[in-house]
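Have a look at the structure below, then the notes.
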Amino acid sequence: MTLQRLLRFHTSLFLTLFCVTLFFSPQSVEAGDKGFKPIFDGKTLDNWDGDPRFWSVEDGAITGRTTKDNPTKGNTFLIWQGGTPGDFVLKLQYKIIGHNSGVQYRSFRLPNAADKWRVGGYQADMEAGDKYSGILYEERKRGILALRGQKTEIGEGKKIDVVGYLGDTNEIQKKIKKEDWNNYEIIARGNHLIHKINGVVTADVTDNDAKQRRADGIIALQLHAGPPMVVQFRDIELKELPAGDQTSSRDGAKKKVVLIAGKKSHGYGAHEHRAGCLLLAEALNNSGLDIETTVVTEGWPEDASVLDDADSIVIYCDGGGRHPYNDHLDELSKLAEQGVGMVNLHYGVEVPKGASGDAFLRWIGGYFEEWWSVNPHWTADYKNLPEHPISQGVKPFSINDEWYYHMRFQPEMKNVQPILTAVPPKETLSRPDGAHSGNPDVRKTVGQPQHMAWAYERPDGGRGFGFTGGHYHWNWGHNDFRKLVLNAIAWTAHAEVPSQGVESASVTVEQLEANQDYEKPDNYNPARINALLKEWNQ
C-alpha cells in the first residue's frame, strides 16, 4: 500500500499536558521524502500568482518584500495554482526580517476584494517578534484558534477549549531562529491541524465547528501590510493524502491502525502473534468506530510505506535482540514525530538497553530492560483501574499470564499513566537472578505495586501504550482483558474511546483456534478453554 490519510487524526484530542522537547535540527527540509513533491522550482514563480510589485525569486527562494516607498495596502498573498489540497503534509523553510507573515492552507480568495490576491482561511503564522510564530490564525474569519503551545478544540460559534499544553511558549520561541532559516511543517488531516517549527509542535487544533471549518482550499504565502519587511520561502514540498471515507463533526476521517505480527514463536496457544493481531483487527473493524485496520505478518513489513499513513502502529512480537524495531529506529522515530501512536504488546515491550531502549522511552514511555525487569507467570488481580479513556467500560479483573513487571520507565514517570497495577506475590521472584528472572533492584520492591500496562502522552502530541500481558492466546477471550487493549489502540490513534469502551462480541473457542501458527497438539483440550471463557465472562 502507499499513502492514504497521513494525518487526518482527530479528535479525542484529547487530553493532555505536556512539555515539548523534541526538535529537528533546522538545517533544511529533507527533500525526497517518500510521497513529497516540490511545488516551487527554486528558480521561477511558475504556477504561483501574486502581485509582481512585491514577489520575486532571490537566491533560490520565493521573496516577498515591502519598503517604505512600496508598501502594500492590506495583506497580499502569493497563491499556488496547483490545486486545493485537503489532507496533506506541507514542509518548507522560511526566513523573516521584520513584521509578520504566514502560510495559508485550506484557504480561499476573498470575493469583492481590492484585487485578486486577497485570501482568507487557516494560517500558519510566523513573525519577526516573539509571540505569534507557530500559532493557528484564521485570516478574515475566526481569528486566533490556538496560541503557541496550545492544544485546542473548536466548537460552534468560535467556542475555543484549551484541552492541553504542548510546552511553554517562551521555551518554544527559543527554538526559532531570528532572521535565519527555520523549518515549518503543517499537517492537515480531517479536522485535525498541527503546526511544527524546527520539529517542535507549536499548535494542535481539532476543529469541530462543521459550519466554519474547511476541508480543502488553496495554499498561499502572506506578505503583511504595515512596516517594511522581507519574508522568504524555499524547499516547499507537499504530500497530498486521499480524503477519508467518512467524516464526522468531531472525529474527522477514519483512523488507520497497522498491526504488525511477529514470526512463529512458542508453540500452540502462546505468543500467537498473527492470530492475536487478526482477532484484534476484526474487533476494531466491527466496533462501529471510524477505524480501519491493516495486519502485517512475519515481522517488519516488506513494503514499509504501509506505515506512512498510519494513525497508530501495534506490534505483537518476540522482542529483545530479535525485536523487528531494532533495525528501524530512525524510520519509526520520524513516524512518532508526526504523532503516530505506538502500541507494544507482551514480548514486544522488550528491546536492548541503549538506542532501542531510549527510543521506547520516547515512544511509549517505558520498556522491559534485561537485568532490571522480570517475566514471571502469575495471576494478577487488578482491583482498581484509573480514570482514563483506556479503562472506560473495563471492569476490574484477575487473570493468569506472563505479566512482566519492574519496567524501565521515564524518569519520575513523567507523562506516564499506569493503567494496570497490582502487587506481585513474593513467589514471582523465586527464580535465581538472571537477565529476565530476578535482580537485586527488583528484589528490593517485594510487596510494592507494579505496573503491567501504561499509557504515555508524548511531548509531540503522540501517544504510546505498553501492555505486558498476552503470552497466552486464550486470554484474548477475556472481555475486559481484550477491551482494555482495544481501547488503548483506539486512544493511541486519536480516536475517541466510547464511554462504555470499544465494544466487541464475545470470542468463541473456534475464533481463538483460528489462524494460529501451529497445529493443535494431541493434548489440546477445548473444553478447558470454553470453561475459562464462561468463568471470565459470566
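If you read the sequence from its start, that first residue is 1, and numbering goes on from there.
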Review point. So does Glu412 have more than 12 non-hydrogen atoms from other groups sitting under 6.0 Å from CD?
Key: no
**Study point:** Test side chain to side chain contact (heavy atoms under 4.5 Å, CB included) applied to Tyr456 and Gln410, Met413, Arg463, the passing residue
**Key:** Gln410
Check your understanding: Going from CG on Leu136 to CG on Leu145, what distance comes out if it is rounded to the nearest 0.5 angstrom?
Key -> 4.5 Å
Review point. Can you find a heavy atom in the side chain of Val340 that is under 4.5 Å from one in the side chain of Leu332?
Key: no
Exercise for review: Could you go through the side chain to side chain contact (heavy atoms under 4.5 Å, CB included) check for Asn326 and Val351 one step at a time?
Suggested key: CA-CA 7 Å; Asn326 291 329; Val351 285; 3.7 Å; yes
Review point. Is it the case that Asn198 and Asn183 place a side-chain donor and acceptor less than 3.5 Å from each other?
Key: no
Check your understanding: Taking side chain as C-beta onward, heavy atoms only, is Asn479 less than 4.5 Å from Ser506?
Key -> yes
Practice item. Give a yes or no on whether a salt bridge exists between Asp433 and Arg443, defined as a side-chain N under 4.0 angstrom from a carboxylate O. Key: yes
Review point. Is it true that a side-chain atom of Thr428 and a backbone atom of Pro425 form a donor plus acceptor pair closer than 3.5 Å?
Key: yes
Review point. Does NZ or CZ of Arg482 lie under 6.0 Å from the centre of the six-membered ring of Trp476, at an angle within 45° of the ring axis?
Key: no
Check your understanding: Would you say Glu282 has more than 12 foreign heavy atoms packed within less than 6.0 Å of its CD?
Key -> no
Practice item. Give a yes or no answer on whether the side chain of Arg458 reaches the backbone of Ile364 with a donor-acceptor pair at less than 3.5 Å. Key: no
**Study point:** Gln516 side chain to Gly269 backbone, donor-acceptor under 3.5 Å
**Key:** yes
Review point. Can you list the steps and then say if Asp87 with Lys239 is a salt bridge (Lys or Arg N to Asp or Glu O under 4.0 Å)?
Key: CA-CA 9 Å; Asp87 286 6; Lys239 181 198 293 189; over 6 Å; no
Check your understanding: Should Lys264 and Glu298 count as an ion pair when the cut-off is N to O under 4.0 Å?
Key -> no
Practice item. Would you kindly say whether Glu369 and His406 are connected by a side-chain donor-acceptor distance under 3.5 Å? Key: no
Check your understanding: Are a donor atom and an acceptor atom from the side chains of Tyr325 and Asn344 found within less than 3.5 Å of each other?
Key -> no
Point to revise | Polar contact flag, side-chain donor to acceptor under 3.5 angstrom, His377-Tyr472 | key: yes
Exercise for review: Would you check if Asn475 and His473 make a side-chain contact, meaning some heavy-atom pair closer than 4.5 Å?
Suggested key: no
Practice item. For the pair Lys256 and Asp311, evaluate salt bridge (Lys or Arg N to Asp or Glu O under 4.0 Å) and give the outcome as yes or no after the intermediate values. Key: CA-CA 5 Å; Lys256 177 182 174 182; Asp311 292 285; over 6 Å; no
Exercise for review: Kindly indicate whether the side chain of Trp371, heavy atoms from C-beta on, has any atom under 4.5 Å from the side chain of His436.
Suggested key: no
Review point. In terms of side-chain heavy atoms, does Asn375 have a donor or acceptor partner in Glu402 at a distance below 3.5 Å?
Key: yes
Review point. Are any non-hydrogen side-chain atoms of Tyr347 and His323 less than 4.5 angstrom apart?
Key: no
Review point. Does the side chain of His192 pick up a donor-acceptor pair with the side chain of Asp204 at under 3.5 Å?
Key: yes
Point to revise | Non-hydrogen side-chain atoms of Trp454 and Thr468 separated by less than 4.5 Å | key: yes
Check your understanding: Between His478 (side chain) and Asp480 (backbone), is there a donor-acceptor pair under 3.5 Å?
Key -> yes
Check your understanding: Hey, does Gln173 have a side-chain heavy atom less than 4.5 Å from the side chain of Thr169?
Key -> no
Review point. Taking C-beta and beyond as the side chain, do Ile260 and Tyr316 meet within less than 4.5 Å on heavy atoms?
Key: no
Check your understanding: Is the NZ or CZ atom of Lys91 positioned over Tyr184's six-membered ring, under 6.0 angstrom from the centre and within 45° of the axis?
Key -> no
Point to revise | Check: His451 ring centre within less than 6.0 Å of Tyr405 ring centre | key: no
Review point. Rounded to the nearest 0.5 Å, what separation is found between the CD atom of Gln338 and the CG atom of Asp309?
Key: 10.5 Å
Check your understanding: Under 6.0 Å between ring centres, would you say that holds for Trp403 and Tyr382?
Key -> yes
Review point. Short question: side chain of Gln392, backbone of Pro498 - any donor-acceptor pair under 3.5 Å?
Key: yes
